Amino acid sequence: MNYLIVAALLVVLVVYLVLIPLAKRKNMKSAQTKLENFYNSLRMGDLVILSDGIKGKIMALDGEFYQVQIANNVVVEINKFGIVNKVGERK
């Protein structure tokens, strides 16, 4: 009887320590790939939503930083990770 309890606890322990972390790692890798594809798809002229909710148009791409026009004659330089979505696209 005690062996059955120990065996059941070992199975539960293996599930929590091995299988669940493996599934989470796979999901994280998939999410990271989607995010990289999103940032690689950004082009000049795209309308985007910034993390603070401001809508703007990409005017220039410069590595990690993008210039985004948020109003007439107002261009701000932001880190590319400040862009959360393209206008008209769904995540």
Side-chain angles (χ1 to χ4, degrees):
M1 185 67 160
N2 287 336
Y3 294 112
L4 292 176
I5 294 172
V6 171
L9 288 174
L10 284 175
V11 168
V12 170
L13 187 65
V14 166
V15 167
Y16 278 108
L17 294 178
V18 176
L19 298 179
I20 291 175
L22 286 176
K24 286 184 180 181
R25 185 178 306 146
K26 182 179 178 184
N27 288 340
M28 282 183 60
K29 192 169 188 175
S30 173
Q32 184 178 8
T33 302
K34 285 181 184 179
L35 198 57
E36 287 174 8
N37 290 339
F38 170 72
Y39 288 118
N40 290 335
S41 74
L42 293 175
R43 301 287 179 249
M44 287 179 39
D46 285 348
L47 293 176
V48 294
I49 303 292
L50 305 180
S51 61
D52 54 4
I54 297 174
K55 182 171 67 170
K57 181 178 180 180
I58 297 176
M59 302 303 287
L61 306 169
D62 186 25
E64 290 290 315
F65 292 92
Y66 294 176
Q67 291 182 4
V68 178
Q69 181 180 9
I70 58 174
N72 290 335
N73 299 322
V74 179
V75 177
V76 294
E77 187 173 64
I78 62 161
N79 187 291
K80 71 178 181 180
F81 299 115
I83 298 173
V84 295
N85 203 0
K86 285 184 187 180
V87 173
E89 285 194 4
R90 294 184 183 185
K91 282 192 171 182

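Bear in mind the structure is a predicted one, so any value in this text is a computation, not a measurement.
- Cluster membership for V87 and V84, using ILVMFWY side-chain heavy atoms within less than 4.5 angstrom, is shared.
- Partners of V11 under the side chain to side chain contact (heavy atoms under 4.5 Å, CB included) rule, at least two apart in sequence or in another chain, do not exist in this structure.
- Although no hydrogens or angles enter the test, the distance criterion places no donor-acceptor pair under 3.5 Å between the side chain of K80 and the main chain of L42.
- Rounding to the nearest 0.5 angstrom, the gap separating the CD atom in Q32 from the CG atom in N37 is 10.5 Å.
- Rounded to the nearest 0.5 Å, atoms CD (E77) and OH (Y66) are 12.0 Å apart.
- Applying the side chain to side chain contact (heavy atoms under 4.5 Å, CB included) test to V12 and every residue at least two apart in sequence or in another chain returns Y16.
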Please tabulate, one pair per line, all N/O donor-acceptor pairs under 3.5 Å involving side-chain atoms of residues 43-62, not counting sequence neighbours.
from	atom 1	to	atom 2	distance (Å)
R43	NH1	N40	O	2.8
R43	NH2	N40	O	3.3
D46	OD2	R43	N	2.8
D52	OD1	I54	N	3.4

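- For L22, the side chain to side chain contact (heavy atoms under 4.5 Å, CB included) partners two or more places apart in sequence, or in a different chain, are V18, R25.
- In this structure, the side chain of S30 does not engage the main chain of K26 through any donor-acceptor pair within 3.5 Å.
- With sequence neighbours excluded, the residues that form a ring pair (Phe, Tyr, Trp, His ring centres under 6.0 Å) with F81 are Y39.
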